Every structure is written in C-alpha cells, then in structure tokens.
Amino acid sequence: MQSQDRLTALPPLVAPSPELAARLQALWETAPGLRGFFMSVDHKEIGIRYIVTAFAFLILGGCEALLMRLQLAGPNMRLLTPEQYDELFTMHGISMIFLYAMPVLSGFSNYLWPLLFGARDMAFPRVNALSYWTFLFAGLFIYAAFIMGVAPNAGWFNYVPYTGKAANPGINIDFYALGMIFLGISTTVGSINFVVTLMRTRAPGMSINRMPVMVWGTLTASLANILVVPSVSLAFLMLWLDRNFGTHFFTVGDGGQPVLWQHLFWMFGHPWVYAIVLPAMGFVSDGLPIFCRRPLVGYTLVALSTVATMALGFGVWVHHMFATGISDVALSFFSGASLVITVPSAIAVFCWIATIWAGRPIATAAFHFYAGMIALFVIGGVSGFMTASVPVDWQLTDTYFVVAHIHYVLIGINVFPVIGAFYTWFPKMSGRMLDERLGKWNFWLMFIGFNLGFFPMHISGLLGMPRRIYTYSPDMGWSTLNLITTLGSFLFAIGVLLFIVNVVVSLRRGAVAGPNPWDAGTLEWATSSPPPPYNFTVIPEVGSRHPLWEDRLGDAGASSVARGFAFDEGRETLGTSMLDSEPDSVLRMPGDSWLPFLLGLATTFVFIGMLIHVWWLAGMALIACAVVLIFWLQPDSLPPLIPIEEASHV
Amino acid sequence: MNGFPLNYVTSEGTKAAAILPLTKGVTAISLAVILIVAALILAAIFRRRAVGGPHDLVQGTTPLHWIYIGTGVTVAILLGVLVWTMATVAAVVQPKDEPALSLDITGHQWWWEVRYLDQDHPSNIFNTANEIHIPVGKPIRINLHAADVIHSFWVPALSGKTDMIPGQVNTIWLQADRPGAYRGQCTEYCGKQHAHMGFTVIADEDQKFEAWRVAQVQGKTPQEDDPSAIADGRQAFKTHCGACHTVRGTAAGGIVGPDLTHVMSRSTIAAGTLPNAPGWFAGWIADPQHIKPGAKMPVLDISGPELHAVTTYLATLN
Amino acid sequence: MSDAVALKMAESDPAAIAARRKQAILGRVSGWYGVWFIIMTEGSLFAYLLFSYYYCLAQAGVKWPVSGPPPLTLAAMSTLLLVASSAALAWSQWSLVKEAKPRLVPGVGLAVIFGSLFLMLQALDLAKKAPAISASTYDSFYVLLAGLDFLHVAAGIIALVALCAWAIDGRIIGIRTTYVSIIAAYWHFVVAVWLSIFATMFLLPYAS
C-alpha cells in the first residue's frame, strides 16, 4: 500500500465473504415486481431503461427516415404529402438528436459510472430515477403529438417566424416547445447528478488522472448541458408565450427579433452536438485499449482534448448562421474558432490510431465498430472543416452536403461507438456474450450500408440539392444519387435490425460471460456479470488507471481490488475528495422510493395543463410537485452522512 | 455540368468564381486527409508485429512525438486555410464597381417578388416575379426582404446564399460573367412548398436587357379593338384572379400573388415548378393544390368556359 | 441508538460548535455540491434572458421603455426588503459557525418575513403589468423577467419556511446544519438575480 499514513483514519480493508455479500444483498435489493419497477433507484436498472427507451426512439426515428427515403427514391414521387414529409423530418430530427443520442449515452454512463468508480450507486440515486422518468414522459409527450396527427412540422431547429402563430397556427409547435422544456429538466438534473457523482463517489485513490476517458467525456458533456440547456428552454418558453399570450420576443414589428431565436438555439445546439459525441468518443478511447491489449496512447492528450473541444464548442455557434447577414468581423471570428476546433479532434484521432499501431489488435466485433468509427469520424470531421470556411459555407449550407456531414458526425461518432459499446459491455450488463459472427455481419452491413447511403449525399449536395425538400424535379440531375442513397439507407437499416436480432438471441442463448470476458483492465470488470445490486462486495482502493492489469504492466500491487472497504451498516458508499479522491466521509444512500415517479408524473400534468390551457390542472400539479419535493428533501428521510474519522466499521 | 442546374462546382459569375478555388482547395485537402487516415488505420491494423498470447499486454512507452508532428501539420494547414478564407471573404464582400442596377427581392411563401428600382426615374420602377433579368458583366445590388417567414436567396452559379429575414434587409451583390439562364432556389426551410420555390436569373447583353426592361415598364391597358374573347377573359380574370394578382393598366390589382402583367415573357410558372406552356398553365389554374399542395393559391370555383377565357387572356400578356 | 438521539447527544456535546464549524466549511453532504450546479444552471437561464433583452434593446435602436424611465420608489423598497432578508439569513449562518447558541430560527424567520413582503410587492406590480404583456417587446420582457424572478423567490420562500419548521422541530442539528448552507446559497443567489434585474430594468433607463 503506497500511502499507509493516509489510511490510518480509514476502516480496515477486508476480503469479501458470503456473509458480507448476503448482508449487502438484503440492504440493496430492489423490491420485486411492479412495485420495484416504479420505485427502483438502482443505477444499473435505470441505465438499462435509459438504453432500451433511447433505442425505441432510435427505431421510431429510423422508420421515419426510411419513409422519407422512399419518398425521395425518385423524382416527383407522391408517396407522402408535403405536410407528412415535414412532420416526418421534424420528428426524425427530434427523435434522433434529443430522444436517442443523448439518452443512450446517459444510459451507458448511468450503468457504468458507479462500476468504473468502484462505488455502490450514483451520488443522487433518486434524482437518477427522476431524470429517467422525466425523459420518458417528455418523449411520450412529444410523441403524443405524432399519434394525434399534430406532430411538430418545422424541423428540429424550429426557426421563427415559421413557427410563430401566424405561419403555423396549429398546436404542433406548442407540443414541441413544452416537450423540450420538459426534457430540459431531465437533462439538467441528470447532468448535475453526473458531475456530483464524479466529485464525490470515486474509489479512494482514483485521482482525476486515473479516471477512464469516457468519464471525461460525460463530465464535459454534463457541464456543457448545465450551462446551455437553459438557453433552449428559455427560447422555447419565449416562443410558447409568443404563440399563446401574444408576447413579442420573436415577432417582427414591435421590437421582436427572429434572429434572436437562432442565437439562443445554436448557443445551445452546437455544444449539444459535442455533448452527444464526446462520451461516445470516450467509449472508443476506453474500448480500443481492451482490444489492442495495451493502455491508451496519450491518455492526458485525449482527456485534455475532450475538455478543449467542449470549451471551444461554446464559441462556434454562429457558424450555423453564416448566411444570416452578420458582420464581417463576426464571420472571421467564428470561422477561425470553427477551424481551430478541429485540432483537439485531430489529436484524439492520432491517439487512437497510435493505440492500434502500438498495440496488438484483436478483431472482435467491438473492435470493428471502434476502428470503423475512426474512419467515419474523419469524414464527418473534414466536411465540418469545409463548412467552417465562410465563403465555402455560403455554397454548402442548407444543401445535402450538410445532411451528409451531420449524419457522418451523429451516426459515425455516436451510433457506431454505441454499438461498439454494446458489444463490449453487454456481457457485463446481461452476463452473456453477444454473438461475434453475427456481430461482424452486423458491422459490415451497417458500415457498407451507411457509406453507400450517406456518402453520395455529399455529391447531391455539391450538385445543389437543398435540404428539407419533399420532392425534386428530374431535371435537376439528382435522381440516381437519391436512389442509391435510399438503397444504402435500407441496407443500413438491415444492419441495425441484425443487431437487434443478435441482442434478442444472445440474451437467451449467448455464451456465459463471467466477470471479465475481455480480460480488460478497469474496475467494472472486477465484479460479477451482471453485477449484484450493491456492485462491489468491498469497495476497492485504486492506484493506477488499470487496476486489473497492474501485474502485467509492471505496477503490481498499486491497487487493492481483492480486499476493500465493507460499509455494510446501511446503504452506504464512500465519499471522496474531488481531485485526489481522498476518503472524507461515508455517504448514506436512499432506498426504493415512489417520490421520483410521482414527481415525474406531477410534472407531466403541469405541462399537459399548460398545453391545453387548463390552468387549474397545471396549478394543482405544480403544488403536487412542491409537496413531493418537501417530502423528498426533509432532513431525516436519510440517515446523516458520517465523517470518515468517526466511521466505525469492521 | 448542364445536367445539374444547381451545382456549385462550376461558376458563371464573378462572386462564385472567387469562391470556387477555395471550395475546390478545401475539398482536395479533405479528400487527402481521408485517404491518409484510412491508410494509417489499415496499416496500424495489418502491420506485422510480434505475436503474443491472449493474456499478454503490450508494454513500453509510446512514440508520442508522431502525435505532436501530426498535430503541428494539422495546425499549419488550418492556419493556411484560415488566411485563404479571410482573403476570399475580403474579395467578395463588395463589388469592384458601383452596381449598375438595384433590385428589391422579397421572398413569399412560395414565390419571389422582384422589384426593379430606379432612383432617378420613379416611373421606371416595376414589379415582376420569379424571373430576374440582369445585364451581363455588371455588378447588381440586391436588397433581400421577406414577407412572411425566413427564406434564403441562392443562385449557385453566381453567388452563395444569403437569408431573407422578416424585419431585416440583407443587401448583396452578384454579377454574371456570361449570358445565360441560371437557376436559383430557396434554401431555408419555409413550409410545405419549400421544395417548389425556384427562380431563374437571366443574364443578357446590355441591349437585350434594356429592351426587356422597357417592355416590362409598360402596362396592359385594355384597347377598344380587343377581340371579345380577350375582353371576356379580362373580365373573368378580374373576377377570379384580380383580388390577388395585378395586371398593370387593368382593374386587376391584387398584391398577394405574383404580378402577371408580362407573365408570358417568363419561361416557367408557379416559381419554377412548371414550364410556361398553355396546357400546363390551364392545369395550374384549374387545380394548383394538386401541383403545389398547400400553396396559397386556392382551387378556384371556375367553369370550363371561364378557364378557357382566362387562359386566352393570359396568352396576350407578353 | 437511533440517528436522531445520537444527533441530539452530539448537539449537547461541548465539541458541537467545533463540529458545526467544520461542517460549514467542508459541506460534505452531496446536496451541498448539487445546489451549486442548480445555481449555475439557473444563473445561466437569467444570463440568457438578460442577453436576449439587451440584444433586442440594441436592435431596437431606441431607449426602453419608450414612455420614459419607470418609477423607482416601489422597486427600490422591494430591493431593500430582499437585501434585508439575505442579511438576516447570513446572520443566522454566521451564528451557526461562531456562536455557542445558534440563532437559526430567528434569522430564517426574519428572512421569510422580508422575503414574503418582497413577494407581495412583486405580486401587486405583476398584477398591474401582466395584462400588458403583449403591448410591446419591452413589456413582454418586463413581465417575463419579473415573473420568472417571482417564481424563483416563491420557491426560495417555500424552502425557507420548510427550513424554519424543521429547525423549530429540532431536526436541523449536527451534520444536518449543512441544510442551512444549501438553502441559503440558493436564497442569496435569488437575491443576486433580482439585483441584476433591478439594475437592468430600473436603474439602466436612468443612465443617459
């Protein structure tokens, strides 16, 4: 043990025993059945729900895309009416960007963080449940509009004045506006939970330079969300007031400014794009070393480039607005910032390639997805670099070139790493391996289908095809390219379908995984698959980035995984300091609770009341929220935290 | 690239020509980067290396200097592109000569109102729609307006996009280097018929342009000796179409839709959607909602003979 | 021994003051960390709102409100009340750290009284201004700024009332005195937000 002095105040390290495990099981187990379903605060349960729900939205968004691709397969098709097409492309964007891309990463982070940290749960387990329920209810709220035939129809970017009452009188946009404010609550409380979890619950010794890279990704994404989600919530609140109370925030003529919407939307929107790729880049940074049989090359560079990307990401929003007639000075500044932001991404790419180069890659399905992601990332990156150059962007913007760019970014840097993460961590979640042979078919179908479908979009863009058109004339010369794109997108969809088949089949018949099927080096692989409700029988002490690889990296004995802290006098986990992760207290954790579900439900009725102007309903629901919160926050709902020097555990 | 009327990999105008080398340059850099990185990935995967057992880990330090070199090269290229970008912006922001002509163009759902300005001779000011004639070889100033929602003005062969935003006027310039017809298109999503919001810029030699302009200024005052079919058509037009459309010199003075005073001089109708030919025109009037679902032009309660009269009358508006 | 009994005993211990002081400094409860991020996100919300106001003001090219600067008296009184409530709460926090006998209930109680008076004045003002919400962009911003601030102050007062009730009940003892820091952090933040709104909507129009 390298720093014996520090540990004198701590309880002794113990080895796990069946008695201890039984005691912890009794303490941490979620109630069985439907009761447990509504009351569970277990981060693993919540993480899996997040992932499954996000995937359901991915499938819905994918079906919407396929319908659009059928409509665009040939010129002057009449499969969809313009209104149907508009609603489909809007719902497609909302589903993928808001209801799939961020939540699926939150799901993985929720599931993995406490395991990566050697902790028993997140810092705020009930807030975790609340963030899931509000995500689910907000998603259903927006999809209710779709089912009722009044889906939002103005694109996910929702520019005014087209979304104002005058041009768009239906209830469609009100659903979207309130749904986004609602979803913002979920994102915000979830993000705060991640940041505090990182500050408080890392295993002793896991200083910030020993955290897995995906933790850096989710940390920066969460901090960004805390800072930028209010921007879009405010924009949607102002739009809702414009539409329902005749205010003049965006309406022309009384001092309102349509361009203000674009500023508020993109001040949020651009950092959001980074927030939905940085954690996924973290999957690659943590996944590649497993399958290259070596630590990541340039850990510090990758961690810092993650932070740098996010920091620069706050200063590039105007590159979505190069054509709005802004001043030359602003153009130069934002063009420069948008070019510079490629540097940290380039560093990450170099580090990944160097990891493969200097490692000994094993061609698992997961490795295929990670390596494929690097290639797609570069294609999406350079097309972003092209649009960062202002005069070029004046030609490229709002054509299919940008459609290609956004899909290379979001599918390349989100979907591919996420599927790779499935192949890597599914065995941890389910205890069973995904089928590798199906996995490779899965990869090649998705990879070929994706490039066949989306690469030609660059060319249709260069040939002038505008975005968001429901049909086109045969005289424009885009017919063949669009047919190829449609074929490719169906091939891609078959690849995704194969993945789902693999998951369903492997859940029942997959090979049993065991605790560490990949012989990986980080803490989540130290516990059984799937982990018990309490994650770790004893909370380990960490002395390096790869506690399970130390014997083979010449660092043997730096960490203590086999023996650790028991903390079994209640639902407890260890509280540690922010930078160096020195233990300072025993955190007492809540058990099963109805409160998160009830608060989520009450919030839903607040928004339903606002939507249909039934103010007494909204008011009653708001009071219900306050009552639930007072119950939640009352002082003795939880036993108090214990400073570590007063802890008395044997 | 004649088969691709909206492409921007070729240029026919001064401004587009100034941007094109930069577009091609960054495209070339991008393709090179893709190829190099793809080669590196493949080499990293397939390079020959010492075999190891499944449990072995690769140890030893890593050559980080390759990463620093790669980053340095990236930064150098980016700085070069940044300088090139600034120089290009500076080159296209203003025309070299004073513009020869000023236009107000207003985006409507889903058509383009074009107003030819003349500070010295107010009587020369006139309106047209969806087809913009300009003299070749001279810079033209265009003030962009929007009547309802945001649109974006784009003629890829001549110039990049600029948004048309309600409550704001964006002024741009463009210049055609060769006579020809250049396709334009709205590129900011503006509602149901965003797809069918095209227009054409026609660049003519001075003389031809001047002749066109002089003709456009004229109204279509009814004549005593008009055949009765035309007079009937004019009457039917006034009844059914006059609330929205103007034919200067007649009682039809609506301003909701395009000015039709010289509609027969245009090559397309319905904002670049249909060729301007008698059959298409009659079909459009009979059922615009079939051709452009959601368009602001309603399906008229118009009888067969009246439709015939209107099209007969419209055919004289050239 | 139940937690509550243990805490009572800890409170009567001579070392209780030292322990409280340490708690106030360290703030180890996770909620203490959480509230700072709530403040960060809520602070961003008001920052974006003020940005929007200044953006529209700059684009409008005229002084807002066009009818001349608004009357100051009532708003200044409101501001003094809110600052007084913040001071009362700060006194209560100070006593927790420095005094042998903490004045929790009187301090929080005073903060509630001052805060409620502020809320009443704001409610009267809003009732007058809200019907004009659609009169102009300035009016829309005025009502939105004042309305959002009203909601935040109301939430703060609910929290302070709950804190006061818990303190009277003897539940805010030992480690749980960090509850005071958590709720006070939010309350001081809400006061700061009002000061920035006061400066923007009431003082700035007087500047030439």
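All values reported here derive from a predicted model rather than from experimental measurement. The figures that follow rest on heavy atoms only: side chains count, while hydrogens, waters and symmetry mates do not. Letters go in sequence order (proteins before strands), and every chain restarts at 1.
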Toward chain A, the part of Thr27(B) with a non-hydrogen atom under 4.5 Å
both

Does any backbone or side-chain atom of Glu87(A) lie under 4.5 Å from a heavy atom of chain B? Answer side chain, backbone, both or neither.
neither

Is it the side chain or the backbone of Val160(A) that comes within 4.5 Å of chain B heavy atoms, both, or neither?
backbone

Could you measure the distance from the CG atom of Leu6(B) to the OG atom of Ser473(A)? Nearest 0.5 Å is fine.
10.0 Å

Mind checking the OG-CD1 spacing from Ser389(A) to Ile19(B)? Nearest 0.5 Å is all I need.
9.0 Å

Verify the ring-centre separation between Tyr189(B) and Tyr162(A): is it less than 6.0 angstrom?
yes

Got a donor-acceptor contact below 3.5 angstrom from the Asp148(B) side chain to the Ala167(A) backbone?
no

Scored by heavy-atom pairs under 4.5 Å with chain B, the best of Pro391(A), Gly477(A), Pro258(A), Gly325(A) is Pro391(A)

Counting only heavy atoms closer than 4.5 Å, note whether Ile29(B) contacts chain A via side chain, backbone, both or neither.
side chain

Between Ala16(B), Ser152(B), Ala38(B), Ser159(B), which has the largest tally of heavy atom pairs under 4.5 Å with chain A?
Ser159(B)

Ranking Thr162(B), Thr71(B), Leu20(B), Leu31(B) by heavy-atom pairs under 4.5 Å to chain A gives rank one to Thr71(B)

Does any part of the side chain of Leu462(A), heavy atoms only, come nearer than 4.5 Å to the side chain of Phe4(B), both counted from C-beta?
no

Could you tell me which portion of Phe157(A) (side chain, backbone, both or neither) has an atom closer than 4.5 angstrom to a non-hydrogen atom of chain B?
side chain

If we define contacts as heavy-atom pairs under 4.5 Å, which of Asn153(A), Val297(A), Val259(A) has the most with chain B?
Val297(A)

Lys161(B) and Thr399(A): which non-hydrogen atoms are nearest, and at how many Å?
NZ-CG2, 3.7 Å

Not counting sequence neighbours, list each pair that qualifies as a ring-ring contact (aromatic ring centres under 6.0 Å, His included) and has a residue in residues 66-94 of chain B.
none

Gln395(A) side chain vs Pro156(B) backbone, donor-acceptor pair below 3.5 Å:
yes

Please name the pair of heavy atoms, one in Thr187(B) and one in Pro466(A), separated by the smallest distance, quoted to 0.1 Å.
CG2-CB, 4.2 Å

Contact summary for Glu188(B) and Asp398(A), nearest pair of heavy atoms
OE1-OD2, 3.5 Å

According to the ring-ring contact (aromatic ring centres under 6.0 Å, His included) rule, which pairs have a member within residues 336-357 of chain A, sequence neighbours left out?
Trp352(A)-Phe377(A)

If I take atom CG from residue Leu57(B) and atom SG from residue Cys292(A), how far apart are they, to the nearest 0.5 angstrom?
11.5 Å

Specify which of Gly25(B), Ala146(B), Gly70(B) makes the most heavy-atom pairs with chain A at under 4.5 Å.
Gly70(B)

Using heavy-atom distances under 4.5 Å, tell me whether His290(B) contacts chain A through its side chain, its backbone, both, or neither.
both

Between Gln262(A) and Ile150(B), what is the shortest heavy-atom contact and its length?
NE2-CD1, 3.4 Å

Part of Val89(B) within contact of chain A (heavy atom distance under 4.5 Å):
both

Among Thr81(A), Thr355(A), Asp475(A), which has the most heavy-atom pairs under 4.5 Å with chain B?
Asp475(A)

Contact check, side chains of Leu78(B) and Phe385(A), non-hydrogen atoms, under 4.5 Å:
yes

Pairwise side-chain contact, Asp56(B) with Arg293(A), heavy-atom cut-off 4.5 Å (strictly under)
no

In terms of heavy-atom pairs under 4.5 Å with chain B, the winner among Tyr85(A), Trp549(A), Phe322(A) is Trp549(A)

Side chain, backbone, both or neither: which part of Leu64(B) has a heavy atom under 4.5 Å from chain A?
side chain

Portion of Asn170(B) that has a non-hydrogen atom of chain A nearer than 4.5 angstrom
side chain

Rounded to the nearest 0.5 Å, what separation is found between the CD1 atom of Ile291(B) and the CG atom of Asn76(A)?
11.0 Å

The interface call for Thr397(A) against chain B, heavy-atom contacts under 4.5 Å, is both

So what's closer than 4.5 Å to chain A heavy atoms on Thr74(B): side chain, backbone, both or neither?
side chain

Would you say Glu83(A)'s side chain and Pro293(B)'s backbone share a donor-acceptor pair under 3.5 angstrom?
no

Region of Phe367(A) that comes under 4.5 Å of a non-hydrogen atom in chain B
side chain

Ranked by heavy-atom pairs below 4.5 Å to chain A, first place among Arg47(B), Met86(B), Lys192(B) goes to Arg47(B)

When you measure from the side chain of Arg183(B) to the backbone of Met476(A), do you find a donor-acceptor pair of N or O atoms at a distance under 3.5 Å?
no

Straight-line distance of His194(B) NE2 to Asp86(A) CG, nearest 0.5 Å
9.5 Å

Donor-acceptor check, side chain of Arg49(B) to backbone of Gly359(A), threshold 3.5 angstrom: yes or no?
yes

Heavy-atom proximity to chain A below 4.5 Å, by part of Leu40(B)
both

Relative to chain B, which of Val252(A), Ile353(A), Thr324(A) shows the most heavy atom pairs under 4.5 Å?
Thr324(A)

In terms of heavy-atom proximity below 4.5 Å to chain B, should Ile362(A) be classed as side chain, backbone, both, or neither?
neither

Looking only at heavy atoms, what is the nearest atom pair of Gln193(B) and Pro82(A), with distance?
NE2-CG, 3.6 Å

Sort Phe89(A) into side chain, backbone, both or neither according to what part of it lies under 4.5 angstrom from a heavy atom of chain B.
side chain

Could you state the interatomic distance from OH (Tyr8(B)) to CZ (Phe401(A)), rounded to the nearest 0.5 Å?
6.5 Å

Taking Val37(B) as the fixed residue, which of Ile379(A), Val378(A), Val382(A) is the one that meets the side chain to side chain contact (heavy atoms under 4.5 Å, CB included) rule?
Val378(A)

Ala50(B) versus chain A, heavy atoms under 4.5 Å apart: side chain, backbone, both or neither?
backbone

Determine whether the aromatic ring centres of His196(B) and Tyr470(A) lie less than 6.0 Å apart.
yes

Under 4.5 Å, counting heavy-atom pairs only, tell me which of Ala346(A), Cys351(A), Gly298(A) racks up the most with chain B.
Cys351(A)

Is it the backbone or the side chain of Arg360(A) that comes under 4.5 Å from a heavy atom of chain B, or both, or neither?
both

Among Val33(B), Val169(B), Ile165(B), single out the residue with the greatest number of heavy-atom pairs under 4.5 Å to chain A.
Ile165(B)

